[in-house]
Amino acid sequence: VQLQASGGGLVQAGGSLRLSCLASGRAFSVSAMGWFRQVPGKEREFVASVSWSGGTTSYTDSVKGRFWVARGNTKKLVTLQMNELKPEDTAVYFCAADEDSGPVVASTDRLEYDYWGQGTQVTVSS
């Protein structure tokens, strides 16, 4: 399974960006998808996740009400809509797949995720 993340860039505080993650490769089993972010010198942290069904979502507290994760009907495309961006949102954002998670699980634990994309840089200027 390969994950391709895109949509990062430079935006002013208060602006919006939309990240996309497309899965490809062998048959993609029932897998939750998650977004994580990392800044230099810190651990990769959970941002948001969505279940295979799309009906369960999870968010870290700092992004609740500003970020929205969604899954397309094909299940292989996941988006992260980021609104009201803040300088502290600046990071490299990674998408990941939690293979065989089941249809309703949306894990927040990065150790549950089996496949990772290459990351896309998001920079929010003040």
Side-chain angles (χ1 to χ4, degrees):
V1 175
Q2 291 82 44
L3 303 177
Q4 181 70 41
S6 61
L10 173 63
V11 65
Q12 288 188 332
S16 298
L17 282 174
R18 188 182 189 190
L19 305 184
S20 297
C21 179
L22 182 64
S24 62
R26 63 171 177 81
F28 193 53
S29 61
V30 178
S31 302
M33 297 287 287
W35 287 97
F36 295 77
R37 64 188 179 187
Q38 189 171 23
V39 297
K42 292 190 176 181
E43 289 192 354
R44 193 168 297 185
E45 66 171 0
F46 169 77
V47 176
S49 60
V50 59
S51 62
W52 173 260
S53 69
T56 304
T57 56
S58 299
Y59 298 92
T60 193
D61 286 346
S62 64
V63 308
K64 285 180 180 177
R66 300 189 297 122
F67 289 15
W68 303 97
V69 62
R71 190 156 200 163
N73 290 333
T74 65
K75 306 300 185 185
K76 291 189 175 182
L77 178 65
V78 175
T79 58
L80 182 68
Q81 178 67 41
M82 305 186 295
N83 300 326
E84 300 176 36
L85 283 161
K86 304 176 181 180
E88 50 264 43
D89 295 319
T90 295
V92 177
Y93 283 70
F94 299 87
C95 63
D98 176 8
E99 193 171 33
D100 295 325
S101 61
V104 297
V105 172
S107 178
T108 64
D109 184 355
R110 63 184 175 90
L111 297 179
E112 294 291 327
Y113 287 81
D114 306 288
Y115 300 98
W116 293 83
Q118 84 288 1
T120 184
Q121 176 71 46
V122 172
T123 303
V124 185
S125 63
S126 58

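If you're wondering where the values come from, they're calculated on a predicted model, not measured in any experiment.
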Aromatic Phe94 / basic Arg37 pairing, under 6.0 angstrom, 45° off normal: no

Does Ala5 offer a backbone N or O that forms a donor-acceptor pair with the side chain of Thr120 under 3.5 Å? no

For Leu19, does its backbone N or O pair with a side-chain atom of Thr79 as donor and acceptor, under 3.5 Å? no

Checklist entry - Do we get Arg44 above Trp116's six-membered ring, with its NZ or CZ under 6.0 Å from the centre and within 45° of the axis? => result yes

query = Are Cys95 and Val78 close enough, and set up right, to give a side-chain contact (heavy atoms from CB on, under 4.5 Å), and what steps lead you there?
reply = CA-CA 9 Å; Cys95 63; Val78 175; over 6 Å; no

**OP:** Please answer whether the main-chain N or O of Ser51 pairs with a side-chain N or O of Arg71 as donor and acceptor at a distance below 3.5 Å.
**Re:** yes

Distance col, row Tyr113:OH vs Ser107:OG, nearest 0.5 angstrom, shows 5.0 Å

### Task
Step by step, work out the side-chain contact (heavy atoms from CB on, under 4.5 Å) result for Thr56 and Val50.
CA-CA 6 Å; Thr56 304; Val50 59; over 6 Å; no

When the ring planes of Phe67 and Tyr93 are compared, do they come out parallel, tilted or perpendicular, using 30° and 60° as the limits?
-> tilted

Show the numbers, then the answer: is there a side-chain contact (heavy atoms from CB on, under 4.5 Å) between Asp89 and Arg66?
CA-CA 11 Å; Asp89 295 319; Arg66 300 189 297 122; 2.8 Å; yes

- State whether the side chain of Thr123 and the backbone N or O of Leu10 hold a donor-acceptor pair below 3.5 Å, judged by distance alone. no

Review point. Are side-chain N/O atoms of Ser16 and Asn83 paired as donor and acceptor at under 3.5 Å?
Key: yes

**Q.** Arg110 with Glu45: basic N within carboxylate O range, under 4.0 Å
**A.** no

> Would you find a donor on one side and an acceptor on the other, under 3.5 Å apart, between the side chain of Ser49 and the backbone of Thr108?
Replying inline: no

- Task: For the pair Lys76 (side chain) and Ser24 (backbone), establish whether a donor and an acceptor sit closer than 3.5 Å, ignoring hydrogens and angles.
- Result: no

Taken in chain and number order and not counting sequence neighbours, the residues that satisfy side chain to side chain donor-acceptor pair (under 3.5 Å) with Asp61 are Lys64

Check step by step if ring-ring contact (aromatic ring centres under 6.0 Å, His included) holds for Tyr59 and Phe46.
CA-CA 8 Å; Tyr59 298 92; Phe46 169 77; 8.1 Å; no

For the backbone of Ala32 and the side chain of Asp98, can you confirm whether one donor and one acceptor N or O come within less than 3.5 Å of each other? no

